[in-house]
Amino acid sequence: GESVGLHLPTLSVQEGDNSIINCAYSNSASDYFIWYKQESGKGPQFIIDIRSNMDKRQGQRVTVLLNKTVKHLSLQIAATQPGDSAVYFCAEIWGVKLSFGAGTTVTVRA
Amino acid sequence: DTGVSQDPRHKITKRGQNVTFRCDPISEHNRLYWYRQTLGQGPEFLTYFQNEAQLEKSRLLSDRFSAERPKGSFSTLEIQRTEQGDSAMYLCASSLSRVNTIYFGEGSWLTVV
């Protein structure tokens with residue numbers, strides 16, 4: 001079946017730099033996407049969402065971009081901090097269910 | 001704390017025993033979801049409730065698993081005759097039906113020995 005996937009399993013970034021986490025999806029019927037952050041031993045924490053009728057949405061230090069033409073989603077984190085170290089998941093909603101990819105582990109270097 | 005609450009946070013049980021997890025969703029959230037997550041993987045959908053009605057179940061939810069939400073508020077997930085393959089984190093989430101944003105609890109870790 002169709003599912004959401006991530007381009008890279010790991011990302012190492014220098015503190016203070018910007019991070020870009022990518023995600024490819026294949027279900028063109030998905031109408032809503034969410035990025036979650038998950039720290040070790042904890043549940044996924046909502047970061048930001050975007051509807052399929054949008055191509056960009058900004059939050060505090062984060063921006064999500066949606067390119068429906070190539071079915072690509074990205075999360076940009078500005079001025080990455082040590083507290084940003086975590087696993088990041090993109091998830092798509094089709095109907096009421098969330099479908100997750102495998103995640104990208106972000107490590108912030110001091 | 002007004003987030004999704006799960007109990008217990010950790011459970012170690014012997015193979016063959018039954019376990020039950022409880023979830024208290026965010027107040028007034030009428031949708032409640034159960035997910036399972038194993039190490040290195042994203043959460044996988046198990047089932048969801050709209051108020052007290054269980055509207056969808058994944059094929060991952062074998063007949064040893066049962067979930068209830070009797071009064072449309074808290075929910076329980078029971079696993080009977082646990083197997084080592086059931087070891088995972090069980091996540092509960094909730095949302096309002098008019099809003100897609102889904103919030104997760106901190107999860108209940110199950111270890112079957």
Side-chain angles (χ1 to χ4, degrees), chain A residues 1-10 21 23-27 29-54 57 59 62 64 66 73 75 86-106, chain B residues 1-7 9-10 21 23-26 29-51 53-61 88-111:
Chain A
E2 296 178 304
S3 63
V4 174
L6 289 163
H7 288 308
L8 293 174
T10 61
I21 306 167
C23 176
Y25 68 95
S26 57
N27 188 347
S30 294
D31 54 11
Y32 189 69
F33 303 88
I34 305 177
W35 279 99
Y36 287 94
K37 171 187 179 184
Q38 188 172 28
E39 296 174 295
S40 181
K42 296 186 177 182
Q45 176 187 355
F46 173 89
I47 302 174
I48 192 168
D49 56 9
I50 188 167
R51 293 196 175 278
S52 59
N53 61 356
M54 302 170 68
R57 190 161 188 222
V62 294
V64 55
L66 175 62
L73 196 68
L75 178 70
V87 180
Y88 289 80
F89 293 97
C90 65
E92 61 180 326
I93 292 182
W94 185 53
V96 298
K97 286 190 307 185
L98 272 173
S99 293
F100 286 82
T104 292
T105 300
V106 173
Chain B
D1 182 43
T2 57
V4 178
S5 178
Q6 293 190 243
D7 182 72
R9 292 292 320 278
H10 301 272
F21 300 112
C23 171
D24 288 272
I26 293 171
H29 277 195
N30 51 359
R31 285 187 179 167
L32 186 147
Y33 312 78
W34 285 99
Y35 283 77
R36 180 174 70 186
Q37 185 177 25
T38 54
L39 283 175
Q41 301 298 315
E44 298 174 292
F45 172 81
L46 292 178
T47 188
Y48 102 95
F49 293 83
Q50 174 88 18
N51 300 312
Q54 188 174 18
L55 297 185
E56 188 168 347
K57 293 193 289 186
S58 163
R59 63 182 182 276
L60 295 174
L61 213 66
M89 181 162 68
Y90 291 85
L91 290 159
C92 179
S94 70
S95 71
L96 289 167
S97 57
R98 294 186 306 279
V99 178
N100 283 329
T101 307
I102 298 174
Y103 296 95
F104 283 84
E106 296 288 43
S108 292
W109 283 98
L110 173 65
T111 303

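Every chain is numbered from 1, with letters handed out A, B, ... down the list of sequences. If you're wondering where the values come from, they're calculated on a predicted model, not measured in any experiment.
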**Request:** Name all residues meeting the salt bridge (Lys or Arg N to Asp or Glu O under 4.0 Å) criterion together with Arg51(A); count only those two or more places apart in sequence or in a different chain, and write none if there are none.
**Result:** none
**Message:** Please evaluate residues Leu98(A) and Tyr48(B) with respect to the criterion side chain to side chain contact (heavy atoms under 4.5 Å, CB included), reporting the C-alpha separation (whole Å), side-chain torsions for both, the decisive distance (0.1 Å), and the verdict.
**Reply:** CA-CA 11 Å; Leu98(A) 272 173; Tyr48(B) 102 95; over 6 Å; no
**Message:** Return the OH to NZ distance between Tyr33(B) and Lys97(A), rounded to the nearest 0.5 Å.
**Reply:** 11.5 Å
**Request:** With sequence neighbours excluded, tell me which residues meet side chain to side chain donor-acceptor pair (under 3.5 Å) with Glu39(A).
**Result:** none
**Complete:** Filtered by a 4.5 Å non-hydrogen cutoff, the part of residues 88-96 of chain B contacting chain A is Met89(B), Leu91(B)
**Sidechain-backbone polar pair: Glu106(B) side chain, Gly43(A) backbone, donor-acceptor under 3.5 Å** = yes
**Message:** I'd like to verify something: which residue of Gln41(B), Arg31(B), Glu44(B), Glu56(B) has the highest number of heavy-atom pairs under 4.5 Å with chain A?
**Reply:** Glu56(B)
**Request:** Select one option (side chain, backbone, both, neither) describing which atoms of Gln38(A) are under 4.5 Å from chain B's heavy atoms.
**Result:** side chain
**Asked** What residues form a salt bridge (Lys or Arg N to Asp or Glu O under 4.0 Å) with Lys57(B), not counting sequence neighbours?
**Response** none
**Message:** Please report the interatomic distance OG1(Thr101(B)) to CD1(Ile34(A)), rounded to the nearest 0.5 Å.
**Reply:** 5.5 Å
**Request:** Decide yes or no on ring-ring contact (aromatic ring centres under 6.0 Å, His included) for Tyr36(A) and Phe104(B), but give the supporting numbers first.
**Result:** CA-CA 10 Å; Tyr36(A) 287 94; Phe104(B) 283 84; 5.3 Å; yes
